[in-house]
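Working notes, structure below.
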2 protein chains.
Amino acid sequence: MQLRNQVEWALHCCGILAGVPDGRYLPTKALAEFHGVPKEYLSKALQALSQAGLVESTLGPSGGYRLARAPEAISFLDIVEAVEGKASTFVCTNIRFNNPCVPKGDCTSAARPCAIARVMWEADKAWRDRLKATTLASLGQTLMTDLDADTRTRIAGWVADHS
Amino acid sequence: MQLRNQVEWALHCCGILAGVPDGRYLPTKALAEFHGVPKEYLSKALQALSQAGLVESTLGPSGGYRLARAPEAISFLDIVEAVEGKASTFVCTNIRFNNPCVPKGDCTSAARPCAIARVMWEADKAWRDRLKATTLASLGQTLMTDLDADTRTRIAGWVADHS
DNA sequence: TTATTAAGGATATTAAATATCCATAAGGAT
DNA sequence: ATCCTTATGGATATTTAATATCCTTAATAA
Ligand code: SF4
Ligand code: SF4
């Protein structure tokens, strides 16, 4: 089980978009060059973010994307679910219904999901809760300590040049 | 991102194997019939459990599988990782190395994984921690309250008949 | 000796992820 | 007005992973 690479791209892009100057937009082309990924495919991830209402776009020259909300109001979970979907990682195919010991139609677990599924869904929730706990704002704070001042300045300059 | 169906099968099989009488084995054929899944394919999942040391097998008539440890000592995580692997759900392809603002070879994050990856890995850990917290023994207790006495008796009888 | 079973390699089938291409409409620049 | 740039979305191709089947081998009990 592996998250698709779009997730990594989307997270990075949101991190960069958080640094776009007010009123400006950063186009797909710049984001693709910055991360070294195919522009056309990255575009699909950005469209997913757009449909989820996390970013907003505008057309034409000097068009592109920017965050639709404050970085404090965008969580990792928002971004992951925009790209990967909200469906649980565990899907129950109800193989218990084949169980020869449970009379047809008498499956009490039809009303209530079975014990195994409940545990798997709780684990899924623990994963999402952790993702929900980190926002783009907290990511930005971490990057302040991770990256040296020079690099931060260079990145800010690059973004300003391309937005 | 979705867990493979083998995971659901493996969890169910372990739940059943927990009820196999001492000294007996339950063969793949029985487990496949019980759950209504293809025997040959289920066999692959059981082999994975065997290689992980969660179940042990014996050949010949009256052969099959049984748990290799007490139900208290087998967690959901053990089973999930046996089938799905231990690799993190988030794989970092280090696209930051393409970042034009970070001088080649000077990527401080090479030593330390980047901020995004750290969060994703923590979420992955939260998922695994939750899976680790439930054992086959606690599953059995839940099933005691989920299933009525008649059904439990029928299942126990079926298992005894086929082991 | 015979039937049964797990182990595992090989292969086929199906679905999903990854990637590219193109047509369209809209917005800025000239 | 015209042209260039851009997001959007559909269509399609390519690659990879999941799902499934088949077959051979060796071990074991009846
Ligand atoms: S026991 Fe749970 S996971 Fe298995 S088929 Fe039933 S509901 Fe699904
Ligand atoms: S920022 Fe993190 S997730 Fe992105 S490439 Fe770097 S290490 Fe990987």
Side-chain angles (χ1 to χ4, degrees), chain A residues 1-10 13 17 20 23-33 35-66 68 80 82-85 87 89-91 93 95 162-163, chain B residues 1-10 13 17 20 23-33 35-68 82-85 87 89-91 93 95 162-163:
Chain A
M1 183 178 58
Q2 198 174 98
L3 289 161
R4 50 188 85 164
N5 56 8
Q6 302 261 39
V7 170
E8 183 185 7
W9 301 357
C13 285
L17 288 177
V20 171
R24 303 288 201 82
Y25 294 86
L26 195 60
T28 306
K29 184 160 176 267
L31 286 166
E33 280 174 8
H35 294 120
V37 300
K39 184 187 110 176
E40 306 289 346
Y41 192 30
L42 174 63
S43 170
K44 300 297 182 187
L46 294 171
Q47 286 175 37
L49 294 174
S50 180
Q51 286 172 344
L54 304 180
V55 303
E56 51 193 15
S57 63
T58 190
L59 294 173
S62 82
Y65 293 95
R66 70 180 175 198
V80 169
V83 170
E84 193 71 40
T89 53
F90 179 80
V91 295
T93 63
I95 62 175
H162 292 78
S163 61
Chain B
M1 184 178 56
Q2 197 174 100
L3 288 162
R4 52 188 83 164
N5 56 7
Q6 302 262 39
V7 170
E8 183 185 7
W9 301 358
C13 286
L17 289 177
V20 170
R24 303 289 202 81
Y25 294 86
L26 195 60
T28 306
K29 184 162 177 266
L31 286 166
E33 279 174 9
H35 294 120
V37 300
K39 186 188 109 175
E40 307 289 345
Y41 192 30
L42 174 63
S43 171
K44 300 296 182 188
L46 295 171
Q47 286 175 37
L49 294 175
S50 180
Q51 286 173 342
L54 304 180
V55 303
E56 51 194 16
S57 64
T58 190
L59 293 174
S62 83
Y65 293 94
R66 71 180 174 199
L67 293 187
V83 170
E84 193 71 42
T89 53
F90 179 80
V91 294
T93 61
I95 62 176
H162 292 77
S163 60

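Here is how names work: the chains are called A, B, and so on, in the same order as the sequence lines, proteins then strands, and each is numbered from 1. Side chains are part of it too, since the values below use all heavy atoms of this structure and drop only hydrogens, waters and symmetry mates. Note that this is a predicted model, so its numbers are computed, not measured.
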Heavy-atom side-chain contact between [X] and [Y] under 4.5 Å:
{"X": "R4(B)", "Y": "V7(B)", "value": "yes"}
{"X": "L3(B)", "Y": "V91(A)", "value": "no"}
{"X": "T28(B)", "Y": "L31(B)", "value": "no"}
{"X": "Q2(A)", "Y": "T89(B)", "value": "no"}

On the nucleotide dA7(C), are OP1 or OP2 found under 4.0 Å from the side-chain N or O atoms that S57(B) carries?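 Affirmative; the distance criterion is met.
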For [X] and [N], what is the distance between atoms [atom1] and [atom2] respectively, to the nearest whole Å?
{"X": "K39(B)", "N": "dC23(D)", "atom1": "NZ", "atom2": "C1'", "result": "12 Å"}
{"X": "L54(A)", "N": "dA7(D)", "atom1": "CG", "atom2": "C1'", "result": "17 Å"}
{"X": "E8(B)", "N": "dA18(D)", "atom1": "CD", "atom2": "C1'", "result": "15 Å"}
{"X": "E40(A)", "N": "dT8(D)", "atom1": "CD", "atom2": "P", "result": "13 Å"}
{"X": "E56(A)", "N": "dT8(D)", "atom1": "CD", "atom2": "C1'", "result": "16 Å"}

Which atom pairs, donor and acceptor, lie under 3.5 Å between side-chain atoms of residues 52-68 of chain B and protein residues at least two apart or in another chain?
residue : atom : partner : partner atom : Å
E56(B)  : OE2  : R66(B)  : NE           : 2.9
E56(B)  : OE2  : R66(B)  : NH2          : 3.2
R66(B)  : NH1  : Y25(B)  : OH           : 3.4
R66(B)  : NH2  : Y25(B)  : OH           : 3.2

Any donor-acceptor N/O pair, Q6(B) side chain to V83(B) backbone, under 3.5 Å: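 No, the answer is negative, given that no donor and acceptor are paired below the 3.5 Å cut-off.
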[atom1]-[atom2] distance between [X] and [Y], expressed to the nearest 0.5 angstrom:
{"X": "C13(A)", "Y": "L42(A)", "atom1": "SG", "atom2": "CG", "value": "4.5 Å"}
{"X": "E33(A)", "Y": "K39(A)", "atom1": "CD", "atom2": "NZ", "value": "9.0 Å"}
{"X": "M1(B)", "Y": "M1(A)", "atom1": "CE", "atom2": "CE", "value": "4.5 Å"}
{"X": "W9(B)", "Y": "H35(B)", "atom1": "CH2", "atom2": "NE2", "value": "11.0 Å"}

Which residues, if any, of residues 42-52 of chain B bring a heavy atom under 4.0 Å of DNA chain C?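 Contacts with DNA chain C under 4.0 Å: K44(B), Q47(B), S50(B), Q51(B).
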Which residues, if any, of residues 23-31 of chain B bring a heavy atom under 4.0 Å of DNA chain C?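 Here the set is P27(B), T28(B).
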Atom pairs under 3.5 Å, N or O on each side, protein against nucleotides 14-18 of chain C: can you list them with distances?
residue : atom : partner : partner atom : Å
dA17(C) : OP1  : R4(A)   : NH2          : 3.2
dA17(C) : OP2  : R4(A)   : NH2          : 3.3
dT18(C) : OP1  : N5(A)   : N            : 3.4
dT18(C) : OP2  : N5(A)   : OD1          : 3.3

Taking all non-hydrogen atoms of both residues, which atom of A48(A) and which atom of A82(A) are closest, and how far apart?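 Where A48(A) meets A82(A) most closely, the heavy atoms are CB-O, 3.6 Å.
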Between protein and nucleotides 24-30 of chain D, what N or O pairs are separated by less than 3.5 Å?
none

Taking only residues at least two apart or on different chains, which pairs with a member in residues 43-52 of chain B satisfy side-chain hydrogen bond (donor to acceptor under 3.5 Å, both in side chains)?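 Non-adjacent pairs meeting side-chain hydrogen bond (donor to acceptor under 3.5 Å, both in side chains): S43(B)-Q47(B).
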Checking base pairs now: Watson-Crick or wobble, both atom distances under 3.5 Å. What partners dT30(C)?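 Across all strands, the one nucleotide that pairs with dT30(C) is dA1(D).
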